[in-house]
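Quick notes on the structure that follows.
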Amino acid sequence: MTNRARKPYIAGNWKMNLDRAHSLDLVKTVKGRLGDGGDREVGFFVPSIYLADVSAVAQGSPLGVGGQNVWYEDSGACTGELAPRMLREVGADRVLIGHSERRHLFRELDEWMAKKMRAALDVDLLPIYCVGETLDERKGNKTDRVLKKQLESGFERVKVEDAHRITVAYEPVWAIGTGETATTDQADQAHRTIRKWLAGKLGDEAANLIRILYGGSVKPDNAKELMAVESVDGLLVGGASLKAETFLPIIEYDKN
Ligand code: 13P
C-alpha cells in the first residue's frame, strides 16, 4: 500500500438495482474476500428494503452497510421517508446524503442538506456527502462555485469534532452512469478545491481527517489510475459495484 494520509475507502452504491438474492450473494462473496479489512474500508449502499438482510449477512465482517438517503426528522408525517434512527435499527452504520440523483431527479433542496448531515451524525450514521457539477455548469466554468455552494449547505451544522466521521464524494453529474470518467486532472482539481474549502471551514487538522472519494463511471480498468492521484482517498462506485467480478478488482485496485 502507498503511504496515504487517509485509509482508502471503496464504496458501492447499488442504487435501485439487484434483488434480494443477488444482493446477499454479492455481500457473501465480498465479505469472504475482505479478511480483517485493516488496510481499506469497504461499504455498500443498499436499497433500504434489503438493509436488514444485508446487514445480517455482513455482520462479523468489516464490511459497512448503509442507506442511500435519509430524512432529517426523527418521526412524523413524512410519507415514504426514513428517519436516521430507522436506518440504524436495521443495521446501517452509514448513509449517502445529497447524491446527484436525489438532487436532480428528485429535486432535493440544498436547504435540507445541513439538517440531514446533522441528523445522521447525531445517531452515529457515517455520512458520505455527495457533491458534483452538471455538464452545463462545467462548461460554464462554474464547477468551483457549485461545489462550494453544495459544501456550504451540507456543512452548515457540522462541528470540528464531527470531521473524522465524515466523507465527501465528488461525483461530476456528467460522469455518472455515462461511461465517461473525469480525467485524473479534473478529479484532482475538484478534490483540491473541496479540501481547501474544508480546511477553511474546519481548520487543517480536522479537514485532513475527511476522505474525499471520486465517483462517476469507476471501472476495474480506471480504479488504479484514479487511486494513484494523491487527492483521491477512495471511490464511490455505481454500476461496477453490482457484480463481484467488477467490484473486487476495484477494491483490490493496488493488488494487480
Ligand atoms: P456509476 O459508477 O454507475 O457511474 O455511478 C456513480 C455513482 O453515482 C455512485 O454513487
Side-chain angles (χ1 to χ4, degrees), residues 8-18 22-23 26-27 30 41-48 50-51 54 63-70 87 92 94-108 113 116-117 120 125-135 137-138 143 146-147 150-151 154 166-184 186-187 190-191 194 210-227 229 232-253:
Y9 184 2
I10 311 294
N13 173 12
W14 294 348
K15 309 190 179 184
M16 198 176 69
N17 293 300
L18 298 177
H22 286 97
S23 302
L26 178 56
V27 171
V30 171
E41 183 166 346
V42 179
F44 277 129
F45 292 86
V46 171
S48 45
Y50 302 142
L51 270 173
V54 166
L63 185 62
V65 175
Q68 298 174 0
N69 188 27
V70 69
L87 292 180
R94 59 199 68 205
V95 67
L96 296 180
I97 293 180
H99 190 276
S100 88
E101 285 142 25
R102 298 304 318 171
R103 292 179 190 268
H104 295 283
L105 272 176
F106 300 100
R107 316 273 158 140
E108 291 212 4
M113 299 302 153
K116 287 182 176 226
M117 287 289 281
L125 279 172
L126 308 170
I128 297 185
Y129 184 61
C130 306
V131 297
E133 80 289 0
T134 63
L135 188 57
E137 289 163 345
R138 173 160 285 272
T143 300
V146 170
L147 297 180
Q150 291 171 337
L151 289 166
I166 298 177
T167 301
V168 173
Y170 169 60
E171 296 204 299
V173 180
W174 48 272
I176 296 179
T178 57
E180 191 172 344
T181 317
T183 64
T184 48
Q186 286 169 327
H191 283 222
I194 292 167
I210 298 180
R211 285 172 292 190
I212 306 175
L213 317 184
Y214 168 79
S217 297
V218 174
K219 301 278 179 301
D221 60 8
N222 59 25
K224 189 174 184 177
E225 185 188 18
L226 286 160
M227 287 302 289
V229 180
V232 175
D233 300 314
L235 303 166
L236 180 53
V237 187
S241 74
L242 301 175
K243 287 186 179 158
E245 303 93 273
T246 46
F247 196 50
L248 287 172
I250 297 175
I251 296 175
E252 296 169 353
Y253 66 90

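Whatever order the structure lists them in is the order used to number ligands and atoms, beginning at 1. Computed over heavy atoms, backbone and side chain alike; hydrogens, waters and symmetry mates excluded. One is the number of the first residue; the rest follow in order along the sequence.
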Ignoring angles and geometry beyond distance, decide whether T178 reaches within less than 3.5 Å of ligand 1 through its nitrogen or oxygen atoms.
no
Taking heavy atoms and a distance under 4.0 Å, where does I176 meet ligand 1: side chain, backbone, both or neither?
both
Which ligand 1 atoms are under 4.0 Å away from a heavy-atom of [X]?
X    : value
L236 : 9 (C), 10 (O)
G239 : 1 (P), 2 (O), 3 (O)
A175 : 4 (O)
S217 : 1 (P), 2 (O), 4 (O)
H99  : 7 (C), 8 (O), 9 (C), 10 (O)
E171 : 6 (C), 7 (C), 8 (O), 9 (C), 10 (O)

Check against salt bridge (Lys or Arg N to Asp or Glu O under 4.0 Å), E171 and R103:
CA-CA 12 Å; E171 296 204 299; R103 292 179 190 268; over 6 Å; no
Side chains of [X] and [Y]: closer than 4.5 Å at any heavy-atom pair?
X    : Y    : value
P47  : Q68  : yes
L226 : Y253 : no
F247 : L242 : no
K243 : H22  : no
L51  : V65  : yes

So, taking the atom named CD in E108 and the one named CG in N69, what distance separates them when rounded to the nearest 0.5 Å?
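Going from CD on E108 over to CG on N69, the span is 4.5 Å.
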As an exercise, state the distance from OH of Y9 to CD1 of I251, rounded to the nearest 0.5 Å.
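The CD1 atom of I251 is 12.0 Å from OH of Y9, to the nearest 0.5 Å.
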Check for me whether K219 has a heavy atom closer than 4.0 Å to any atom of ligand 1.
no
Min heavy-atom dist G177 to ligand 1 below 4.0 Å
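True for this residue.
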Just need the protein heavy atom nearest to atom 5 (O) of ligand 1, so name the residue and atom and give the distance.
K15 NZ, 3.2 Å
Which residue and atom name correspond to the protein heavy atom nearest atom 2 (O) of ligand 1, and how close is it?
G238 N, 2.9 Å
